[in-house]
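Here's the structure, in structure tokens; my notes come after.
First the proteins, then the strands, lettered A, B, ... as listed; each starts at 1. Note: hydrogens, waters and symmetry copies are ignored here, and every other heavy atom, side chains too, is used.
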2 protein chains.
Amino acid sequence: MAGTGTAEGGTRADAVRNRRLLLDAAAAEFAEHGMDVPIARIAARAGVGKGTVFRHFATKEQLLAAIFGHRLDELSAVGQGLLDARDPGAALLAFMTEGVRMQAGDRMFCQAVTALARTEPQLRAASERLIGVAEALTARARRAGSVREDATGHDVVLLLGAATQAAAPLGGTLPGLWRRYVHMIFDGLRPGAAHPLPEPPPTTAQLAAAAKTSATS
Amino acid sequence: MAGTGTAEGGTRADAVRNRRLLLDAAAAEFAEHGMDVPIARIAARAGVGKGTVFRHFATKEQLLAAIFGHRLDELSAVGQGLLDARDPGAALLAFMTEGVRMQAGDRMFCQAVTALARTEPQLRAASERLIGVAEALTARARRAGSVREDATGHDVVLLLGAATQAAAPLGGTLPGLWRRYVHMIFDGLRPGAAHPLPEPPPTTAQLAAAAKTSATS
DNA sequence: ACCTGAACACCGTTCAAGT
DNA sequence: ACCTGAACACCGTTCAAGT
């Protein structure tokens, strides 16, 4: 137990180390410069050769998917922690606030997740986990009468991207603006102003179906 | 008056014709394949040489800006037409519905506008016009008691992008889903469920300031 | 097994000729 | 004036050598 932390399988020690260095470097570069930073730049920041990036992630998109998938899982964990809060409505609002905060710092995120979830199964899996947690939080809030009866966890997750997008055009100059839209959109989830909706909520089955449509490109 | 329709100035007839062919071809290609279609493909569809594209639009971004700017102006016109509708609340909802419908067909749009409004003055001007119309519609709806007192036209325009983004991940499989989120988000604008907002609305002055920040890249 | 950088393909942009 | 396609630069991806 000398502590080099070698992972399972025959993976070499430098490989696991490089993988982590790459993920960290990529996360930083993507956050700072958007998703079209040259891969060479990421490799340089990680201190490895350009070819090494492609040994770990077959494509640039897979590298993005790995980072965003991890991010979604972090949010799922936050949601889990809120499941036994006293006020279910406040818990749901806190979940949404945290979800949007995560994205608002970064550029792109929601666009990237939208574009990549279609092609990268890893991201789709993380999305489904997140939707599961969101549904649990939403169900509690519905039962408490804090949100409208027709709102689902899937709605809540999609509205995270919505609030982020609303604030994005001015995110540079008004770094706190996203909070305004989280609250406005949450007000739309309250029972008070609820009007009938013209379309049913999406189901997880439809999420899976959406992935297959990607073949048409 | 033989009808070749030459524009003002010394612009040659083939030039104005090519410009239009390019705009049409580009709009179609962008809508179908997203904003990373090769410019060569657009040129081919328009039936002109690749170099001609860059004679008319110095950069690919400017071509995108021209298309989206025009689109925003179309929406401004729709908004103008709704200014004397009988029910101001319904008029505002119709404006938002139309705005989101425009974007939902296409891929990208709101991401593109977000990214480009910073650098392309043409797009910023179109945005400001749109915000002006939206504010007029919103003011009427406020006075009629159909929307909350603290909602502005700027909010409304930003929420168009929000609703589009909400539906985007499943837009391929559930083409009508955007309507659900237009209504949900509009419910957040109603006076019924309104709670105090943590941040003030953006002002047009701040929009202008955001453009200058772009130098830091 | 994994790392590396040179080599390849693709695409945005420029430019020297053409009309 | 404007059109054109060949030439250039840049970046994602592949691969033959290296350890």
* **Residues B/Arg45, B/Asp24: salt bridge by 4.0 Å N-O rule** => no

* How many Å lie between CD on B/Gln62 and P on C/dT14, as a whole number? -> 11 Å

* Between P of C/dG12 and CE of B/Met35, the distance in whole Å -> 12 Å

* **Under 3.5 Å donor-acceptor, A/Arg179 side chain and B/Pro198 backbone** => no

* To do: Please state whether the phosphate of C/dC2, meaning OP1 or OP2, lies under 4.0 angstrom from any side-chain nitrogen or oxygen of A/His56.
  => no

* To do: Output yes when at least one side-chain N/O atom of B/Asn18 is less than 4.0 Å from OP1 or OP2 of D/dC3, else no.
  => yes

* Between P of C/dT13 and CG of B/Leu64, the distance in whole Å -> 10 Å

* To do: Find the distance A/Asp36:CG to C/dC10:C1' and express it as a whole number of Å.
  => 16 Å

* Asked: Hey, does the side chain of B/Asp73 reach the backbone of B/His70 with a donor-acceptor pair shorter than 3.5 angstrom?
  -> no

* Whole-Å distance separating the CG atom of B/Leu22 from the C1' atom of D/dT4 -> 13 Å

* Candidates D/dG12, D/dA6, C/dA1 - which lies nearest the side chain of A/Arg55 -> C/dA1

* Spell out yes or no: do the side chain of B/Lys50 and the base of C/dT13 have one donor N/O and one acceptor N/O closer than 3.5 Å? => yes

* Asked: Can you check the A/Arg20 CZ to C/dC2 P distance for me, whole Å?
  -> 17 Å

* **Paired nucleotide for C/dG5 [Watson-Crick or G-U wobble; both distances under 3.5 Å]** => D/dC15

* For the pair A/Glu120 and A/Arg124, evaluate salt bridge (charged side-chain N to carboxylate O under 4.0 Å, His left out) and give the outcome as yes or no after the intermediate values. => CA-CA 7 Å; A/Glu120 304 300 331; A/Arg124 233 205 37 224; over 6 Å; no

* Candidates D/dT4, D/dT13, D/dC2 - which lies nearest the side chain of B/Val48 -> D/dT4

* To do: Would you mind telling me which of C/dG12, D/dC2, D/dT13 lies closest to the side-chain atoms of A/Lys60?
  => D/dT13

* Atom CZ of B/Arg12 and atom C1' of D/dC2: how far apart are they, to the nearest Å? -> 4 Å

* To do: Select base, sugar-phosphate, or nothing to describe what A/Val37 touches, counting heavy atoms under 4.0 Å on all strands.
  => sugar-phosphate

* **A/Thr11 vs C/dA1: side-chain N/O to OP1/OP2 distance below 4.0 Å** => no

* B/Phe54 has an atom CZ; how far is it from atom C1' of D/dA6, in whole Å? -> 15 Å

* Asked: Under 4.0 Å between a Lys/Arg side-chain N and an Asp/Glu carboxylate O for A/Glu74 and A/Arg71?
  -> no

